[in-house]
Amino acid sequence: MKTAITPTRAENFSEWYQNLIVAADLAESAPVRGCMTIKPYGWAIWELMRDEMDRRIKAHGVQNANFPLLIPIDFFNKEAEHVAGFAKECAVVTHHRLKMIDGSLQPDPDSKLTEPYIIRPTSETIIGEAMSRWVQSYRDLPLKLNQWVNVMRWEMRPRMFLRTSEFNWQEGHNVFATHEEANADARKMHKMYGDYMREILAIPSIMGEKTPEERFAGADHTYTLEHIMQDGKALQAGTSHDLGQHFSKSFGIQFLGNDGKLQHGWTTSWGTTTRMMGSMFMIHSDDDGLVLPPFVAPYQVVIIPITREDTAEKLNAYATELGEKLRATGVRVLVDTSDMRAPDKMWKWIKRGIPLRVEIGAREMESGDVTITRRDIGRESKRTIQATDLIASVNNIMTDIHNDMVARVEKRNAEMIHDVADLDALDAALANGEIGFFRIKYEMTTNEQFEGLMEKYKITRRCLDDRDPTYVFVAKSY
RNA sequence: CGGGGUGUAGCUCAGUCUGGUAGAGUGCUUGGUUUGGGACCAAGAUGUCGAAGGUUCGAAUCCUUUCGCCCCGACCA
């Protein structure tokens, strides 16, 4: 059977992924090293994801703000671990003017900045500086801030959506009076992300704490959401950090308690990025292209009139009218009356992952029927129902699709997680070509033998198992 | 930054070794026949051959310089 995407997932997974992005018209690589242009269809998905995430963030009492893109270099210098973590991937702004020199436009040597700026790779430092002024009294706490911005990390190995030099994200930064509150907050945001990914993106996450080796630069605790791709590799899709007092001490975030004593605050930071989109595309899609979870699909339903020359006008009008009735139930509908052949339209929207396709031919227009096909299941789900029944049930169909998608990923995740008794068993499984996550006692991974396996198989510790933190998941990752 | 590739039509690439004035597939436009899971026929448009310099009667092709990108390593939301 011919597939819309070649090669297929089984033939070459990473090439399939690249072609998927292009075929679904989501993004293309930009004329800037490591960067991508997110195209309108891809951005529409991000806007839906962002809007829902933003609602949930605000429901936690967080306020949005916007901090500068450029960060003075000495801000970065204030937290030692943090510098070490990001120094190797920073873009630096050194000049403020261009000049024509020997016929080519170059930074004007006379415009060199006395102190360079770095383009933010993350904003703990510049937000920390602001917080040190904004937090004076215990009455100012908790202070909860978030921003939706782009950041830049000069990554060595870019991949569309998964790792680009520039990416968009939300970064939340909170301050509390006590460590208990801060840690509870980091966990709360972690859980919020997990719920969001399941309820909106139809992705059940592997959730847990990062081991000390894998922690964020400058954090006491890092809570992560790991996703399992169809090829068994891991992808970190979101994190929440308990930063302890590292940043409050580096930046002087201090307040007077109601006991009259001056003390340092306790901060958290938490973020999700456009990488979530990559995860969602990789997890749900198939050899015919994108499969979108209904709640973030820019169009949830596409109506395709199967026209002939003599019926086109009436059928297009009828389809448009049906589209209006469906829209009135709250679903996002596209009526494709464009000047293309019907089969071409079908493939176009299959590749773009629209959850439900509705086809209407001339006879159906007379009988009041429509033919519907679910994208997540494919042609086996094709059936003919009354248009009035579709209108009555379309929202339930969306929920069904979403729930089925969650269940499918949940089943696959379960199959992809393997318990291993010791390092020899892990070695044997990997040598045998087994893919997925391997669950092993954490204490078994803190030795040279494990270092050797990490090297040999390119595996890393993903996170501790929330259900029993003496166990750790290890896997290959993106 | 080390090792290996590559740059030619919107896209994917052939042509370079052996110099002779620009090609294929796909996409695009038009016309006709088609139309419920990727149609067919015909006609047509599209190029500073990454850039600069050199050799030559003549350069995509040979030489020199230079720039970009891709893959493998270190890094990572």
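First the proteins, then the strands, lettered A, B, ... as listed; each starts at 1.
Distance from the side chain of A:T239 is smallest for B:A77 among the nucleotides B:G37, B:A77, B:G36. In this structure, the nucleotide among B:A77, B:G38, B:G36 sitting nearest to the side chain of A:A4 is B:G38.
Side-chain contact, A:E15 with A:N12: a donor N or O sits under 3.5 Å from an acceptor N or O.
Salt-bridge formation is not detected for the pair A:E380/A:K382: no Lys NZ or Arg NE/NH1/NH2 atom is positioned less than 4.0 Å from an Asp or Glu carboxylate oxygen. Ion pairing of A:K348 with A:D344 is absent here, as no side-chain N (NZ or NE/NH1/NH2) approaches a carboxylate O to less than 4.0 Å. A salt bridge does not link A:E166 to A:R33: none of the charged nitrogens lies less than 4.0 Å from a carboxylate oxygen.
In this structure, A:E89 places its CD atom 16 Å from C1' of B:C1, rounding to the nearest Å.
Considering all non-hydrogen atoms of both residues, A:P298 and A:Y41 come closest at CG-CE1, 3.8 Å.
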Polar atom pairs between nucleotides 31-35 of chain B and protein, under 3.5 Å, N or O only, would you list them?
none

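Both A:P158 and A:I5 lie near RNA chain B, and the one whose nearest nucleotide falls closer to the 5' end is A:I5. Nearest-nucleotide positions on RNA chain B for A:R33 and A:G271 put A:R33 closer to the 5' end.
Comparing B:G47 with B:U21, their C1' atoms sit 14 Å apart, to the nearest whole Å. Spacing between B:C13 and B:C71 at atom P, rounded to whole Å, works out to 13 Å. B:A39 and B:U48 are spaced 39 Å apart, taking the C1' atom of each and rounding to whole Å. Of the C1' atoms belonging to B:C69 and B:U12, the separation is 16 Å, rounded to the nearest Å. Between B:U61 and B:U18, the distance separating the two P atoms is 14 Å to the nearest Å. For the P atoms, the distance from B:G50 to B:G7 is 8 Å, rounded to whole Å. One C1' atom belongs to B:C72, the other to B:C63, and the distance between them is 31 Å to the nearest Å. Separating the C1' atom of B:C57 from that of B:G19 is a span of 12 Å, rounded to the nearest Å.
Base-pair partner of B:C28: B:G44 (Watson-Crick or G-U wobble, both distances under 3.5 Å). Here B:G38 sits opposite no nucleotide as a Watson-Crick or G-U wobble pair (both hydrogen-bonding atom distances under 3.5 Å). Pairing of B:C1, defined by two Watson-Crick or G-U wobble distances under 3.5 Å, is identified with B:G73. B:C57 is paired with B:G20 under the Watson-Crick or G-U wobble criterion, all donor-acceptor distances under 3.5 Å.
Within 4.0 Å of A:R357, counting heavy atoms only, lies at least one base atom of the nucleic acid. A:K351 comes within 4.0 angstrom of a nucleotide base, judged by non-hydrogen atoms across all strands.
With hydrogens and angles disregarded, a donor-acceptor distance shorter than 3.5 Å links the side chain of A:S240 to the backbone of A:A186.
Using a 4.0 Å cut-off on heavy atoms, the residues of residues 275-292 of chain A that approach RNA chain B are A:R275, A:D288, listed by number.
By the 4.5 Å heavy-atom criterion applied to side chains, A:D287 and A:R9 are counted as neighbours.
Figure legend: A:K78 and A:F75 shown as a cation-pi pair, the cationic atom lying under 6.0 angstrom from the six-membered ring centre and within 45 degrees of its axis.
With ring centers used as reference points, A:F438 lies 6.0 Å or more from A:F473. In summary, the aromatic rings of A:F167 and A:W169 are positioned with their centroids under 6.0 Å apart.
Judged by distance alone, with hydrogens and angles left aside, A:R163 brings a side-chain donor or acceptor within reach of the base of B:C76, the pair sitting under 3.5 Å.
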